[in-house]
A.B. asks: 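Here it is: the structure, laid out below.
Just the heavy atoms: all of them, side chains too, but no hydrogens, waters or symmetry mates, feed the values below.
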Amino acid sequence: ESRWLGTYDWMPHLWDEALAELSGVVGSSGFVGASDVAICGGPAWLCVMLRSVWSVPMLLYFAWPIAPLIPAEFKTQLFTHVRALAQAADPPAVFVAANWVLAAQFALQLRVDVPVQRPHGIYVNHTYAPTRAPGGKHRILVTRLGVW
């Protein structure tokens with residue numbers, strides 16, 4: 001298990017070290033280098049770090065609060081990072097919230113308007129069977145199972 005997961009007491013003091021370690025992992029990944037877009041489902045701090053070391057357009061889908069378990073002394077800094085990512089234009093970052101409560105949290109804590117798209121996979125009664133994209137690239141469906 002990674003020392004970066006579980007508890008987040010390290011954030012105020014070791015953010016740069018964790019970012020450097022993530023940069024090494026991302027930089028050595030052939031998959032990441034061949035990707036044109038990133039999709040991040042959280043936590044928000046990981047999405048921020050990922051974007052710091054991988055400059056591609058991002059889709060960020062949030063189904064959980066912005067800063068759960070984040071040390072109080074680091075929340076303001078994290079909110080600043082997430083707000084900057086939400087306002088990024090080159091390359092763009094698109095935020096989507098899973099519900100209106102999270103959208104309200106983004107508006108209150110970050111002063112960012114985030115659209116809402118409810119998870120709909122349980123309602124469509126359909127199987128995902130992708131064909132390859134033009135140029136032979138794989139298509140990927142990313143989902144997360146929640147308690148709804």
Side-chain angles (χ1 to χ4, degrees), residues 1-6 8 10-11 14-70 74-75 77-148:
E1 169 129 350
S2 170
R3 68 183 174 137
W4 307 117
L5 301 176
Y8 304 118
W10 57 267
M11 284 186 175
L14 299 174
W15 180 266
D16 291 336
E17 183 180 335
L19 194 57
E21 191 171 319
L22 179 63
S23 180
V25 170
V26 168
S28 65
S29 170
F31 176 78
V32 171
S35 300
D36 298 322
V37 66
I39 301 171
C40 189
W45 62 267
L46 180 60
C47 297
V48 165
M49 287 187 134
L50 189 59
R51 177 54 175 268
S52 296
V53 299
W54 188 21
S55 187
V56 295
M58 289 185 83
L59 172 64
L60 300 97
Y61 184 77
F62 293 98
W64 304 105
I66 301 167
L69 307 175
I70 303 300
F74 193 72
K75 283 187 180 186
Q77 186 174 348
L78 178 63
F79 291 158
T80 300
H81 286 306
V82 176
R83 183 182 311 106
L85 179 54
Q87 296 169 343
D90 187 27
V94 176
F95 280 46
V96 179
N99 60 61
W100 291 107
V101 172
L102 286 176
Q105 182 185 19
F106 274 90
L108 177 67
Q109 293 179 324
L110 303 179
R111 304 290 188 247
V112 174
D113 290 326
V114 176
V116 174
Q117 177 59 55
R118 298 274 306 144
H120 62 274
I122 60 176
Y123 306 110
V124 296
N125 195 25
H126 202 285
T127 302
Y128 181 69
T131 58
R132 290 196 182 250
K137 290 189 174 187
H138 293 283
R139 295 179 190 222
I140 300 171
L141 174 68
V142 178
T143 185
R144 78 188 305 172
L145 185 59
V147 183
W148 293 296

A.B. asks: Would you name the heavy atoms of Ala97 and Val114 that are closest together and state the gap between them?
C.D. replies: N-CG1, 3.4 Å
A.B. asks: Which pairs, with at least one residue in residues 92-102 and sequence neighbours excluded, count as a salt bridge (Lys or Arg N to Asp or Glu O under 4.0 Å)?
C.D. replies: none
A.B. asks: Can you give me the closest heavy-atom contact between Cys47 and Gly42, atom names plus distance?
C.D. replies: SG-N, 3.5 Å
A.B. asks: Taking salt bridge (Lys or Arg N to Asp or Glu O under 4.0 Å) as the definition, give me every residue that meets it alongside Asp36, ordered by chain and number, with sequence neighbours left out.
C.D. replies: Lys137
A.B. asks: Taking side chain to side chain donor-acceptor pair (under 3.5 Å) as the test, write out the residues that go with Asp90, two or more places apart.
C.D. replies: none
A.B. asks: Give the table of side-chain donor-acceptor pairs shorter than 3.5 Å for residues 99-109, with sequence neighbours excluded, one pair per line with atom names and distance.
C.D. replies:
unit_1	atom_1	unit_2	atom_2	d
Asn99	OD1	Val101	N	3.1
Asn99	OD1	Leu102	N	2.8
Gln105	OE1	Ile66	N	3.4
Gln105	NE2	Gln109	OE1	2.9

A.B. asks: Which residues pass the side chain to side chain donor-acceptor pair (under 3.5 Å) test with Glu17, sequence neighbours left out?
C.D. replies: Arg3
A.B. asks: In Å and rounded to the nearest 0.5 Å, what is the CG to CG distance from Leu50 to Leu19?
C.D. replies: 10.0 Å
A.B. asks: State the CG-CD1 distance between Leu60 and Ile39, to the nearest 0.5 angstrom.
C.D. replies: 9.5 Å
A.B. asks: Taking the side chain as every heavy atom from C-beta outward, state whether Met58 and Val94 have any pair of such atoms under 4.5 Å apart.
C.D. replies: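 Answer no - side chains too far apart.
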A.B. asks: Under the side chain to side chain contact (heavy atoms under 4.5 Å, CB included) rule, what do His81 and Trp15 come out as? Steps first, then yes or no, please.
C.D. replies: CA-CA 12 Å; His81 286 306; Trp15 180 266; 4.0 Å; yes
A.B. asks: With sequence neighbours excluded, give me every side chain to side chain donor-acceptor pair (under 3.5 Å) pair touching residues 42-60.
C.D. replies: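 Checked against side chain to side chain donor-acceptor pair (under 3.5 Å) - neighbours excluded - no pair reaches residues 42-60.
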A.B. asks: Do the non-hydrogen side-chain atoms of Phe74 and Tyr8 ever get within less than 4.5 Å of each other?
C.D. replies: no
A.B. asks: Please tell me if the side chains of Val96 and Leu59 come closer than 4.5 Å, counting only heavy atoms from C-beta onward.
C.D. replies: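 Answer yes - side chains close enough.
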A.B. asks: Going from SG on Cys40 to OH on Tyr61, what distance comes out if it is rounded to the nearest 0.5 angstrom?
C.D. replies: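 Separation between the atoms: 13.5 Å.
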A.B. asks: Going from CE on Met11 to CG on Leu69, what distance comes out if it is rounded to the nearest 0.5 angstrom?
C.D. replies: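 Result: 9.5 Å between the selected atoms.
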A.B. asks: Roughly how far, to the nearest 0.5 Å, is OG1 of Thr80 from NZ of Lys75?
C.D. replies: 14.0 Å
